[in-house]
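Before any comments, here is the structure.
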Amino acid sequence: MAVVTVDGANANVDRDLDAGNQVYLPECGMWIHVVARTTVDRPDLLILDQTDCLANGHEVSDEEDELFDLGRDLGADIVAYYIQGDTAGFRGCAAHPPGRRGFWVGDTATQWTFAHELTHVVGDNRHVGDTDNLMFGNTGGITNPPPDLTDDQCARIRRDEAMGDCVLAVQGRPTFLRVHDRGTGFGPPDDHIDVEAVVQLDSRPGESFGFRMREDGELPARQGMLDLLRSAFERETPVRLDYRRTGLTTGVVLRVADLP
């Protein structure tokens, strides 16, 4: 997905992404990834002229139509908009013009509003009465955070066209390199990776990336990855890792490239 902030809005993008992934990752095994962010100077769109937030039968105002045109060139099917609010007093809203999927988040939003509105869009999940669930109607009334998602809600999200396989990339110099016994893994119980080789980079403090070193058909390739990392660690030179996110601070490495 992509994020567009209207200049003047109180945007908490990193807070909201972290909160959303505290739900999506453990509950559904999925990760919310932003491919692009931009800020636009449109003070006329900070407070939308909007009268309802209906999933069906929503009347799109001229200002909504203009807002949801922004960011369509950022390479994402779904666009999130940070504004100040609307004339109806909502924290956020996922009603959108046909063919332009997205939602907006206002200044009064809680840390769960972003993910709540996103979950309306992906999988067409509706409100529920369970106050422990992300889709409780008022995110300010959510209890026992982080909130839950049911198996059915997760299944609906997985079936959405926007939820594809996501390979991420990171570059940096290795600052930590560890190889340990098979099956011991790395990290705390709530953010654990079942790997034998672990690397940390100077560009992503607090995050760890790893891969397995087991007797299978992938071992020669993984030995080559480890050799590249050892060389880069010794020479203090940068590498690029292609990986899949598996936890809030962990990922499984697919490829390693030596950088000049």
Might you work through the side-chain contact (heavy atoms from CB on, under 4.5 Å) test for L74 and V35, ending with a clear yes or no?
CA-CA 8 Å; L74 295 176; V35 298; 5.6 Å; no
T5 vs V3, test: side-chain contact (heavy atoms from CB on, under 4.5 Å). Steps then yes/no.
CA-CA 7 Å; T5 299; V3 173; 4.2 Å; yes
Please determine whether side-chain contact (heavy atoms from CB on, under 4.5 Å) holds for the pair D160 and V121, giving the CA-CA distance in whole Å, both sets of side-chain angles, and the decisive distance to 0.1 Å.
CA-CA 9 Å; D160 191 276; V121 178; 5.9 Å; no
Evaluate the criterion side-chain contact (heavy atoms from CB on, under 4.5 Å) for residue pair M163 and R156; output intermediate values, then yes/no.
CA-CA 10 Å; M163 302 304 288; R156 294 172 69 91; over 6 Å; no
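A donor-acceptor pair under 3.5 Å links the side-chain atoms of H192 to the main chain of G187, judged by distance alone. Judged purely by atom type and a 3.5 angstrom limit, D191 uses its side chain to pair as donor or acceptor with the backbone of T249. Looking at S61, its side chain does come within 3.5 Å of a backbone N or O of D49 through a donor-acceptor pair. In this structure a side-chain-to-backbone donor-acceptor pair under 3.5 Å is missing from Q171 to P238. A distance-only check finds a donor-acceptor pair linking the side chain of T113 to the backbone of T110 [under 3.5 Å]. At distances below 3.5 Å, not a single donor-acceptor pair connects side-chain atoms of H58 with backbone N or O atoms of H96. Checked by atom type and distance alone, the side chain of D77 never pairs as donor or acceptor with a backbone atom of A162 at under 3.5 Å. Between the side chain of T131 and the backbone N or O of I142 there is no donor-acceptor pair closer than 3.5 Å. Judged by distance alone, with hydrogens and angles left aside, the side-chain atoms of D216 form a donor-acceptor pair with the main-chain N or O of L219 at under 3.5 Å. E27 places no side-chain N or O within 3.5 Å of a backbone atom of D148 that could act as its donor or acceptor partner.
Put simply, CZ on R158 and CE on M30 are 5.0 Å apart, with the number rounded to the nearest 0.5 Å. Put simply, CG on L70 and OG1 on T38 are 9.0 Å apart, with the number rounded to the nearest 0.5 Å. The distance from atom CZ of R204 to atom CZ of F209, rounded to the nearest 0.5 Å, is 4.5 Å. Rounded to the nearest 0.5 angstrom, L134 CG and W112 CH2 are separated by 8.0 Å. Of the inter-residue distances, the one linking C28 atom SG with Q153 atom CD reads 8.0 Å to the nearest 0.5 angstrom. Taken from CZ in R173 to CD in Q200, the straight-line distance is 15.0 Å, to the nearest 0.5 Å.
A salt bridge links D124 with R126: the closest approach of a Lys/Arg side-chain nitrogen to an acidic carboxylate oxygen falls below 4.0 angstrom. The residues R222 and E196 are annotated as not salt-bridged, no charged nitrogen and carboxylate oxygen being separated by less than 4.0 angstrom. Between R245 and E207, at least one side-chain nitrogen of the basic residue sits less than 4.0 Å from a carboxylate oxygen of the acidic one, meeting the salt-bridge criterion.
Hydrophobic clustering (side-chain heavy atoms under 4.5 Å, transitive across Ile, Leu, Val, Met, Phe, Trp, Tyr) keeps L201 apart from V252.
W31 places a side-chain heavy atom less than 4.5 Å from the side chain of L248. Looking only at side-chain heavy atoms (C-beta outward), T150 and D130 stay at 4.5 Å or farther from each other. Side-chain contact check for V239 versus L228: every heavy-atom pair is 4.5 Å or farther apart. Side-chain contact check for Y243 versus F211: every heavy-atom pair is 4.5 Å or farther apart. You'll find the side chain of F90 stays beyond 4.5 Å of the side chain of E117, heavy atoms only.
Other residues, nucleotides and ligands place more than 12 heavy atoms under 6.0 Å from the CZ atom of R15. Other residues, nucleotides and ligands contribute at most 12 non-hydrogen atoms within 6.0 Å of the CG atom of D151.
Side chain to side chain, T119 and N125 fail the donor-acceptor criterion of an N or O pair below 3.5 Å. No donor-acceptor contact under 3.5 angstrom links the side chains of Q22 and D18, judged on distance only.
Of the residues listed (L177, T175, V256, L226), the one engaging V199 in a side-chain contact (heavy atoms from CB on, under 4.5 Å) is L177, and it is the only one. The residue from D7, D16, N12 that alone fulfils the side-chain hydrogen bond (donor to acceptor under 3.5 Å, both in side chains) condition with Y82 is D16. The side-chain contact (heavy atoms from CB on, under 4.5 Å) test with L67 singles out one residue from L45, D62, V40, V4, and that residue is L45.
The aromatic rings of F103 and F114 sit perpendicular to each other, their planes meeting at more than 60°, with 30° as the lower class boundary.
Between F68 and Y81, the distance from one ring center to the other falls under 6.0 angstrom.
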